[in-house]
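One-based numbering along the sequence shown. Bear in mind the structure is a predicted one, so any value in this text is a computation, not a measurement.
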Amino acid sequence: MSENISASDTPASEVATKPPSPESASIGWLFAASSAFAMVLWLSGPPFAIGPLVFIALVPLLAIAEVVPGSSWKRPLYAASLAYWLVSLQGLRYAHPLMFLPWMALSSYLAIYPVLFVALLRRWRLTENDGSTQAWRHRTPVCLVAAVLWVGLEWIRNYFFTGISVLMLGHALADMPILIQIADLGGTYAVSFVVVCVNVAMIDALNRWVVRRTTSAFESPTKSIVIAGGLLIATLVYGSMTMNVATEPTGKTIALLGGNELTVYEQDIVREQEIFAAYGQMAIDAVAKSKTPVDAVVWPESMFSGGLPWMTTGVDLVVPDFMQNPAAAPLQPEQLRFAVENNQIDFLNRATSIQRAMTASSTVPIDAPPAIIGGCGLVQYADRPSQYSGVIWVDATGKMSGTYSKNHLVLFGETIPLVHSLPWISDIVPPGLGLDRGTDPERFDLNGISLMPNLCIETAVERIPVNHMHQLNSRANPKLPDAIVTLTNDVWFHDSAVVDHHLRCAQLVAVGCRRPVLSAANGGPTVWIDSAGRVVERLAKGQSDVIYAQPRRDSRISLYVRMGSWPAGLMGAATLCGLAWMTFDWLTRRRKRNAIVEATPPN
């Protein structure tokens, strides 16, 4: 007879009073802590934007790093982090049906970073070292270690896989200008550093005065509280001293056009011409309604193309094979150059006709037609044809005075990995994807004001505008622009929180560069931001209108522009060394375990 007792034979009173296993209780606590981290961090940003919550958002992570043994914490934390990124970036899925996979892949990748942060912090805390190293480790305030690791990971993700700066920890404070002025010292990294230190001080204060734990895995709680308090006070003092520094009026009015024209990847020339006509009328109306002379009108990204990109030729001109007609005589380089020159004439005639219409519509006297700064496709024929997403500048005389080619392409949007190596990928992606990348910054020196153009998400990859400013400052004849003008098309994201995240990135860029940011967007953040990161004026989501920006000249050259992000880069290098050490240690212990298993004789 079997001696097994079924669950039905167990008295009900014993089942009811049986305590849960420690393992199940631990898993439940881990899911609760991980979910609290994701929820609080999400609430600190758009759409709710309760910024101060970011000062406690990492407390659950720190608690996991402090008290949870083993590795059972990894899956719950990764699941919560994945949910956070999927919800925060869910607007990406609207761009195209094929964007579901990139949205999920990007979120899956970004969800790794909180897990790495906890793993590195636990490794630093739990590693057994010799006495001298152990004493040094005990003397090091954990708030500084945690801040270095978090900022180092933010630096890594700003470069890895082409880079993305959106939803850095410091962005949660974008609506609290006094707390983000330190971005001119070290960018958003500096703000994130302070936020992490405050989070560590919060959990130390919780352990000391609320939970009243007699021992803590985080040594020197008093040090963390003092350091975080000192940094926060210094941040407030620095912010109060720098956010209201006197600036000089430029006396110029820049009209920023903001519309909501629907765009799709598979767009035909008729639709492009309709969009051009709509924005052309908006530009004319903008000048007509302005109470001051308009010096320049800014069209959003790609809105000025209208089926007619700006074309140029190089010295080493070669006619591409796709332009040859096998049934006709070969097309010669001189013929192609002639066709491109005719294209340029048509392009400028179209631009000057709009300038004349704007001048005629003005209700105030103007000395010259407004310049046009517009998002437009750029095509260059040389030894090989190149196609760019770009910005054109047609000056008051109707001359093409400058162009800018986008330096940072959108992964899966403007560049597809392996698209040229694997033909089946090119068969399923929409036409029009696969642009060339520009390499240099540009500066448009209008009469009395200088503007640095940026395109699309380049303000959401912080290193791009900062590096551009640094390069312009380092040239033989340095002259920094008076403002950053950014052109974007965010209509893809259907007024989701992605648009607000883009805006917050631009606010921190404005402080980091100490330059106003003027953004003209189609379906996105059409906004005027001053050099202290404050939103002077913004169009509401879904609103089509114009902002008349009158930016003020800030003469400061920030330390961030002078030095770049190398301090954060050092933290990133230290973090990479920690990851390498942790990986090597894991592999070593795994080899030892395997060797023991192989050496153990079977029973």
For the pair Y159 and W155, name the ring-plane relationship: parallel under 30°, tilted 30 to 60°, perpendicular over 60°. tilted
So, R123 and D585, do they make that salt bridge, N to O below 4.0 Å? yes
Taking the side chain as C-beta and beyond, is there a heavy-atom pair between L480 and R515 under 4.5 Å? yes
Distance-minimising heavy-atom pair for D175 and A49: OD2-CB, 4.4 Å
Mind telling me whether F37 and Y84 have parallel, tilted or perpendicular rings, with 30° and 60° as the class edges? tilted
Under 4.5 Å between any side-chain heavy atoms of S72 and I27, yes or no? yes
Counting N and O atoms only, with roles assigned by atom type, does the side chain of N199 sit under 3.5 Å from a partner on the main chain of V195, one being a donor and the other an acceptor? yes
Give a yes or no on whether a salt bridge exists between R208 and D204, defined as a side-chain N under 4.0 angstrom from a carboxylate O. no
Considering residues, nucleotides and ligands other than M582, do more than 12 of their heavy atoms fall under 6.0 Å from its CE? yes
On a heavy-atom basis, the closest approach of G91 and S496 is CA-OG, 3.2 Å
Closest non-hydrogen atom pair, S108 against Y78: O-OH, 2.8 Å
Is it the case that atom CZ in R590 sees more than 12 heavy atoms from other parts of the structure closer than 6.0 Å? no
Could you tell me the separation between the NZ atom of K541 and the CG atom of D490, rounded to the nearest 0.5 Å? 10.5 Å
Judged by atom type as modelled, is there a donor-acceptor pair below 3.5 Å linking the side chain of K223 to the main-chain atoms of P141? no
Can you spot which of N158, T459, T188 makes a side chain to side chain donor-acceptor pair (under 3.5 Å) with S165? N158
Determine whether D440 and Q471 satisfy the following criterion, side chain to side chain donor-acceptor pair (under 3.5 Å), listing intermediate values before the conclusion. CA-CA 9 Å; D440 297 313; Q471 292 176 48; over 6 Å; no
Does the side chain of Y94 come under 3.5 Å of the side chain of D495 through a donor N or O and an acceptor N or O? no
State, to 0.1 Å, how close E154 and L169 come at their nearest heavy-atom pair, and which atoms those are. OE2-N, 2.8 Å
Does any N or O in the side chain of R504 come within less than 3.5 Å of the main-chain N or O of V499, such that one atom is a donor and the other an acceptor? no
Any sub-3.5 Å donor-acceptor pair from R93's side-chain atoms to Q90's backbone N or O? yes
Taking the side chain as every heavy atom from C-beta outward, state whether Q507 and L503 have any pair of such atoms under 4.5 Å apart. yes
Verify, without hydrogens or angle tests, whether S35 (side chain) and A32 (backbone) share a donor-acceptor contact under 3.5 angstrom. no
Sidechain-backbone polar pair: S192 side chain, G170 backbone, donor-acceptor under 3.5 Å: yes
Do the side chain of W103 and the main chain of L86 share a donor and acceptor less than 3.5 angstrom apart? yes
For D482 and R552: C-alpha separation, side-chain torsions, deciding distance, then whether salt bridge (Lys or Arg N to Asp or Glu O under 4.0 Å) applies. CA-CA 8 Å; D482 300 312; R552 299 180 66 87; over 6 Å; no
Regarding D554 and R514, does a basic nitrogen lie under 4.0 Å from an acidic carboxylate oxygen? no
Exactly one of L508, I529, N454, V535 should register a side-chain contact (heavy atoms from CB on, under 4.5 Å) with V517. Which one does? I529
Calculate, to the nearest 0.5 Å, the distance between atoms CD and CD belonging to E458 and E301 respectively. 9.0 Å
Measure the shortest side-chain to side-chain distance between P102 and L92 over non-hydrogen atoms and say whether it is less than 4.5 angstrom. no
Could you go step by step and tell me if K406 and Y388 meet the side chain to side chain contact (heavy atoms under 4.5 Å, CB included) rule? CA-CA 7 Å; K406 188 177 182 182; Y388 305 92; over 6 Å; no
Tell me the closest heavy-atom pair linking S88 and V498, and the distance in Å. O-CG2, 4.2 Å
State, with a plain yes or no, whether a side-chain heavy atom of S565 is found less than 4.5 Å away from one of R463. no
Test item: H468 and C513 side chains (from C-beta on) under 4.5 Å apart, heavy atoms: no
Quick one: does S558's side chain have a donor or acceptor within less than 3.5 Å of a partner on G512's backbone? yes
Walk me through it: do L236 and L179 pass the test side chain to side chain contact (heavy atoms under 4.5 Å, CB included)? CA-CA 6 Å; L236 291 168; L179 291 176; 3.4 Å; yes
Apply the test side chain to side chain contact (heavy atoms under 4.5 Å, CB included) to residues M469 and M452: give CA-CA distance (whole Å), side-chain angles for both, the deciding distance (0.1 Å), then the verdict. CA-CA 8 Å; M469 292 284 288; M452 184 182 80; 3.9 Å; yes
If you define the side chain from C-beta out and look only at heavy atoms, does anything of P47 sit under 4.5 Å from W42? yes
Considering only heavy atoms from C-beta outward, does the side chain of I56 approach that of V40 to under 4.5 Å? yes
List the atom of L120, the atom of G578, and the distance in Å for their closest heavy-atom pair. CD2-C, 3.6 Å
Determine yes or no for a side-chain-to-main-chain donor-acceptor pair under 3.5 angstrom, with T242 supplying the side chain and Q181 the backbone. no
Side-chain donor or acceptor of S107 paired with backbone N/O of M104 under 3.5 Å: no
M563, CE atom: more than 12 neighbouring heavy atoms under 6.0 Å: yes
Have a look at V200 and tell me which of I227, L58, L62 forms a side-chain contact (heavy atoms from CB on, under 4.5 Å) with it. L62
Start with the C-alpha distance between L451 and I484, add both sets of side-chain angles, then the distance that settles side chain to side chain contact (heavy atoms under 4.5 Å, CB included), and finish with yes or no. CA-CA 6 Å; L451 303 173; I484 299 171; over 6 Å; no
